[in-house]
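This report refers to the structure that appears directly beneath it.
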Amino acid sequence: MALIAAVIGFIFACVPGALIIGWILLPIAFVLGLVSLFLKDRSKWMGITGLILSIVGTVVGLVVFLVVASNAFTDAFGSGSTSVAQPSEEALADPQQSNAPAAEEGPSSDEPGTRGNPYPVGSVIENDEWRVVVNSVTPAATKAVMAYNSLNEAPAEGSEYMLVNYSVTYLGDDPQGKMPVSVGVSYVTADGRTINSYDKLVVPPESMDSTRPLYTGGTETGNAVFEVPAKSPERGVLAIRPGTLDDKVFVAAR
């Protein structure tokens with residue numbers, strides 16, 4: 001019972017809209033796991049596994065909660081302190097900047113960094129503590145994601161996986177370091193829907209680790225995976241937020 005409760009609790013702890021269920025089941029799994037260790041003539045491995053999974057699930061659930069709470073708080077109290085430096089023309093001409101073909105666009109009257117006029121891949125987005133750079137965007141990455149982990153679930157019909165490789169650098173001076181969990185990267189579809197990397201339990205190759213503390217000048221680079229509409233005539237954009245109190249800026253997803 002401890003293992004079953006831990007598995008179900010772990011799954012719900014990873015789903016933003018069902019966190020409360022995970023937080024109910026994981027403590028139950030923890031208690032049941034402890035009890036099973038003292039039962040005589042019973043196999044202990046299931047109880048130990050359930051005990052470990054309940055602890056890991058609690059940590060994962062806390063991280064998911066902090067990300068969701070951070071995004072919600074920032075939506076209400078954006079500070080507008082985000083600054084952006086666009087890449088040079090030479091960098092934009094480099095085909096390595098993105099694995100997707102560039103689309104021709106006419107001039108836009110929208111302000112730079114908006115959905116209608118997003119910054120290009122490679123732009124440097126930062127505040128006083130964090131610097132974020134989207135290194136590349138790989139659409140139609142379903143085969144790569146599925147091949148990486150046999151437990152990864154296939155995307156829903158009409159959808160595909162997209163990989164976004166980005167780097168986060170800590171610019172602050174906290175001697176204890178900080179985790180880049182406050183840095184937000186999401187995908188906004190052409191019809192205005194927001195898609196988060198944690199919406200689906202999929203592990204991408206070389207995944208971004210947002211729970212490892214960074215110290216002044218330290219950089220973490222990795223991939224985030226998004227389940228996006230497949231073969232859409234209009235591509236969406238990436239929404240980047242370098243901190244919990246900063247406004248979003250938008251980067252082209254190509």
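Basis for what follows: all heavy atoms, side chains included, without hydrogens, waters or symmetry-related copies.
- Here S207 pairs with P204 under the side-chain contact (heavy atoms from CB on, under 4.5 Å) rule; sequence neighbours left out.
- If you check the side chains of T211 and D209, you find a donor sitting under 3.5 Å from an acceptor.
- Counting only heavy atoms from C-beta outward, the side chains of E220 and L214 approach each other to under 4.5 Å.
- In this structure the side chain of I125 never reaches within 4.5 angstrom of the side chain of V133, judged on heavy atoms.
- Under a hydrophobic clustering in which Ile, Leu, Val, Met, Phe, Trp and Tyr are joined whenever their side-chain heavy atoms come within less than 4.5 Å, directly or via other members, V121 and V249 fall into the same cluster.
- Taking 4.5 Å as the limit, some side-chain heavy atom of V168 sits within range of a side-chain heavy atom of M208.
- No hydrogens or angles considered: nothing links the side chains of T221 and N135 as a donor-acceptor pair under 3.5 Å.
- A 4.5 Å side-chain heavy-atom check between R193 and V188 finds every atom pair outside the cut-off.
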List the steps, then state whether side chain to side chain contact (heavy atoms under 4.5 Å, CB included) holds for E160 with V145. CA-CA 10 Å; E160 65 181 11; V145 172; over 6 Å; no
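- Considering all non-hydrogen atoms of both residues, P118 and V237 come closest at CG-CG1, 3.9 Å.
- Atom CD of E227 and atom CE of M162 lie 11.5 Å apart (nearest 0.5 Å).
- Listed for the N117 side chain is no donor-acceptor partner under 3.5 Å among the backbone atoms of T114.
- Distance check, rounded to the nearest 0.5 Å: CG of L238 to CZ of F250 gives 10.0 Å.
- Contact of the T194 side chain with the Y187 side chain is not registered, since no non-hydrogen atoms from C-beta on lie closer than 4.5 Å.
- In this structure, Y215 OH and D173 CG are separated by 13.5 Å, a value rounded to the nearest 0.5 Å.
- Under the 4.5 Å side-chain heavy-atom criterion for ILVMFWY residues, no single connected hydrophobic cluster contains both I24 and V59.
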Any chance you could lay out the side chain to side chain contact (heavy atoms under 4.5 Å, CB included) test for F226 and V185, step after step, and finish with the verdict? CA-CA 10 Å; F226 300 89; V185 178; 4.1 Å; yes
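- Annotation: the span from R241 atom CZ to N127 atom CG amounts to 11.5 Å, rounded to 0.5 Å.
- The ring-ring contact (aromatic ring centres under 6.0 Å, His included) check on Y170 picks up W130, with sequence neighbours excluded.
- Residue I28 is grouped with residue I21 when hydrophobic side chains (ILVMFWY) are merged at heavy-atom distances under 4.5 angstrom, including chains of intermediate members.
- No more than 12 heavy atoms of other residues, nucleotides or ligands shown are found within 6.0 angstrom of CZ on R212.
- Expressed to the nearest 0.5 Å, how far CG of N152 lies from OG of S150 amounts to 8.0 Å.
- Residue T189 comes nearest to I195 through the heavy atom pair CG2-CD1, 3.6 Å, listed as atom of the first residue, atom of the second, then distance.
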As a quick check of understanding, evaluate side chain to side chain contact (heavy atoms under 4.5 Å, CB included) for L171 and E126, giving each step before the final call. CA-CA 9 Å; L171 305 177; E126 63 181 46; 4.0 Å; yes
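- V134 places a side-chain heavy atom less than 4.5 Å from the side chain of I240.
- Scanning all heavy atoms of the two residues, the minimum distance from Y166 to A224 falls at CE2-CB, 4.0 Å.
- In this structure, CD in E129 is found 13.0 Å from OG1 in T169, a value given to the nearest 0.5 Å.
- N165 places no side-chain N or O within 3.5 Å of a backbone atom of S136 that could act as its donor or acceptor partner.
- Within 6.0 Å of CG on D191 lie more than 12 heavy atoms contributed by other residues, nucleotides or ligands.
- Note on Y161 and V228: separate hydrophobic clusters, where clusters join Ile, Leu, Val, Met, Phe, Trp and Tyr whose side-chain heavy atoms are under 4.5 Å apart, directly or indirectly.
- Side-chain contact between P205 and N149: absent, with no pair of heavy atoms (C-beta onward) separated by less than 4.5 Å.
- Residues T142 and P155 are in side-chain contact: their nearest non-hydrogen atoms beyond the backbone lie under 4.5 Å apart.
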